[in-house]
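Quick notes on the structure that follows.
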There are 2 protein chains.
Amino acid sequence: MPKESLREKLLDAGFRVMYGKGYLGAGIRDIAAEANAPLGSFTNHFRSKEDFAVEVLERFFAETKKVVEQALQDTSLSPCARLRRYLDLITNRLESRGFTCGCMIGDFSLESAPHSEKLRARLAGIFAEWRAPFAACIAEAQATGEIGSAFEPEDLAEFLLASWEGAILRMKVERNAAPLERFKAIAFATVFQPPATSHRPTRNRVQ
Amino acid sequence: MPKESLREKLLDAGFRVMYGKGYLGAGIRDIAAEANAPLGSFTNHFRSKEDFAVEVLERFFAETKKVVEQALQDTSLSPCARLRRYLDLITNRLESRGFTCGCMIGDFSLESAPHSEKLRARLAGIFAEWRAPFAACIAEAQATGEIGSAFEPEDLAEFLLASWEGAILRMKVERNAAPLERFKAIAFATVFQPPATSHRPTRNRVQ
DNA sequence: TGACACAATACGTACGAACGTATTAGTTAA
DNA sequence: TTAACTAATACGTTCGTACGTATTGTGTCA
């Protein structure tokens with residue numbers, strides 16, 4: 001084998017730079033410099049910036065999945081508490097960066113979905129994959145009555161993750177935890193609560 | 001007065017181009033070309049792209065405020081129905097663009113908040129101004145019992161707008177109305193509903 | 001009334017930097 | 001020796017911005 005590859009270092013650096021400055025905002029040279037790698041190594045390992053970004057996004061998602069696992073598979077907590085735990089863990093991570101960075105998945109959704117069909121398609125897949133364990137957890141909560149069964153678990157999971165992205169978006173402008181805490185307080189006091197009345201209608205179907 | 005100014009045409013074009021391609025994605029030349037204006041006119045009228053973007057954002061917000069007014073001041077509807085009407089009006093607008101464009105305020109929040117302190121500060125102000133009429137409407141709904149009073153109207157308004165931004169974000173990736181309809185269905189069946197039980201605790205305070 | 005200075009704007013062009021990408025020579029280790 | 005990779009440089013384009021000049025309407029004064 002030849003010299004030790006800089007591929008991993010480039011992806012790590014790309015993760016940091018793109019997380020902070022977005023897809024368009026992060027230049028190839030910024031990334032190479034952050035990785036202490038020459039520009040040629042980038043060309044050697046990646047066909048294009050777009051392909052590179054897909055791999056970086058994959059990395060971010062892999063990290064996110066770890067957090068999901070950590071929170072949602074903690075069977076010492078009730079299903080609902082597990083959901084909350086996930087949001088708390090993410091909150092801690094966002095705080096550690098001073099609330100300046102949000103979620104790369106959300107960032108890419110807004111910024112690169114119009115530019116790159118490749119990224120958009122992958123993002124759609126990521127959302128589906130992301131949602132699954134949450135839907136499972138919500139289904140469990142519905143089975144125990146901890147959450148109302150008025151909506152499908154998949155719809156509630158989508159709602160949770162999408163709205164959470166919205167809270168993160170607000171956080172980025174406000175630069176503090178208030179939008180996150182507000183979301184958690186309201187969501188877990190309303191949507192993710194036992195059914196209020198006993199005469200709930202049959203399960204709603206989101207059209 | 002000299003020749004007819006191209007300032008307005010440039011702002012209109014900037015609105016269209018930046019709405020579609022984002023702040024970084026939209027080049028000065030794209031905008032000038034869209035306005036059928038020479039590049040020099042841009043320089044003549046605007047100190048910088050950043051300053052230009054603030055004015056474009058102002059334009060978008062002015063349009064948004066019109067929709068807010070149209071929906072929230074329709075006293076033929078109940079307060080809660082007015083909130084829903086706003087979301088429906090926005091849904092129609094998003095549909096007319098094929099769900100490819102979202103909300104410029106949200107887009108700029110993610111994309112330009114890290115780059116431009118000027119834009120970030122204005123965005124924070126815009127959100128506060130945007131929230132006010134919703135908070136008033138929610139307060140009215142709480143007074144009539146149409147919505148529970150467990151949370152402050154301002155917090156609920158923030159929650160509504162932030163989560164709605166999250167739904168729009170998802171819409172941009174999915175390219176259809178499902179995330180929007182899902183949000184409306186769930187939100188108005190849970191958060192924006194009368195208090196479920198009669199023994200609600202005293203009003204929660206979001207920390 | 002008419003010449004003229006003025007301000008505001010249009011307009012074409014140019015600058016320097018940064019962009020993403022490509023090329024080529026050199027280095028390393030199996 | 002050869003494949004994999006580093007390393008440096010170069011290419012063509014586009015970026016945001018700046019400058020110099022032309023053009024146009026307006027107010028002023030002889």
Side-chain angles (χ1 to χ4, degrees), chain A residues 1-57 107-108 111-120 122, chain B residues 1-57 107-108 111-120 122:
Chain A
M1 212 206 293
K3 278 197 197 174
E4 189 190 353
S5 172
L6 293 179
R7 186 185 161 88
E8 287 300 301
K9 289 180 79 171
L10 280 167
L11 283 168
D12 272 347
F15 180 93
R16 289 192 296 275
V17 177
M18 283 191 170
Y19 193 20
K21 313 212 284 182
Y23 176 66
L24 292 172
I28 299 292
R29 286 166 181 79
D30 298 340
I31 295 166
E34 172 82 13
N36 285 325
L39 199 47
S41 293
F42 187 94
T43 309
N44 181 58
H45 288 294
F46 306 99
R47 195 181 309 270
S48 70
K49 182 185 182 182
E50 191 184 6
D51 287 352
F52 178 77
V54 172
E55 290 207 41
V56 168
L57 176 61
D107 295 351
F108 278 27
E111 192 186 7
S112 18
H115 281 92
S116 159
E117 178 56 26
K118 209 177 290 186
L119 276 165
R120 194 195 67 81
R122 184 63 193 114
Chain B
M1 214 205 289
K3 281 197 196 174
E4 188 191 354
S5 173
L6 294 178
R7 186 184 161 88
E8 288 299 302
K9 288 180 78 172
L10 280 166
L11 283 168
D12 272 347
F15 180 94
R16 288 192 297 276
V17 177
M18 282 191 170
Y19 193 21
K21 312 212 283 179
Y23 175 66
L24 291 172
I28 299 292
R29 285 166 183 79
D30 299 340
I31 294 166
E34 172 82 13
N36 284 324
L39 193 51
S41 293
F42 186 94
T43 308
N44 183 59
H45 286 295
F46 305 99
R47 196 181 308 268
S48 69
K49 183 185 183 183
E50 192 184 6
D51 286 352
F52 178 77
V54 173
E55 289 205 43
V56 167
L57 177 61
D107 295 350
F108 277 27
E111 194 186 6
S112 17
H115 281 91
S116 158
E117 178 56 26
K118 210 178 288 186
L119 276 165
R120 195 194 67 82
R122 184 61 195 116

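Just so it is clear, the structure is predicted and the values come from calculations on it, not from any experiment.
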d(CZ, Phe46(B); P, dA18(D)) in whole Å: 15 Å

Selection from dT6(D), dT21(C), dG16(D) that lies nearest to any side-chain heavy atom of Arg29(A): dT21(C)

For atom CZ of Phe42(A) and atom P of dT9(D), their distance in whole Å: 20 Å

Inter-residue atom distance His45(B).NE2 - Arg7(B).CZ, 0.5 Å rounding: 7.5 Å

Integer-rounded Å distance: dG20(C) P and His115(A) NE2: 12 Å

Lys49(A) to Phe42(A), cation-pi by 6.0 Å centre distance and 45° axis angle: no

Touch class at under 4.0 angstrom, heavy-atom based, for Ala32(A) against every strand present: nothing

Residue pair Gly25(A) / Asp30(A): nearest heavy atoms and the distance that separates them: O-OD2, 4.0 Å

Which residue lies more 5' along DNA chain D, comparing Lys49(B) with Asn36(A) via nearest heavy atoms: Asn36(A)

Spacing between Ile28(B) atom CD1 and dT13(D) atom P, to the nearest angstrom: 21 Å

Sugar-phosphate, base or nothing in reach of Gly40(A), heavy atoms under 4.0 Å: base

Upstream residue (5' side of DNA chain C) when Asn44(B) and Leu39(A) are each assigned their closest nucleotide: Asn44(B)

Whole angstrom value for the distance that separates C1' of dT9(C) from CD of Glu8(B): 14 Å

Value in whole Å for how far the P atom of dT21(C) lies from CZ of Phe52(A): 12 Å

Within-4.5 Å side-chain heavy-atom neighbours: Pro38(A) and Leu6(A): yes

Spacing of Leu10(A) atom CG relative to dA7(D) atom P, expressed in whole Å: 11 Å

Closest nucleotide among dT9(C), dT17(D), dT6(D) to the Ser48(B) side chain: dT17(D)

Residue Pro38(A), side-chain heavy atoms: nucleotide from dA7(D), dG16(D), dT21(C) that is nearest: dA7(D)

Closest nucleotide among dA10(C), dA18(D), dG16(D) to the Thr43(B) side chain: dA18(D)

Spatial distance of atom CZ (Arg16(B)) from atom CG (Asp12(B)) [nearest 0.5 Å]: 6.0 Å

Atom-to-atom span, NE2 of His45(A) to C1' of dT21(C) - whole angstrom: 16 Å

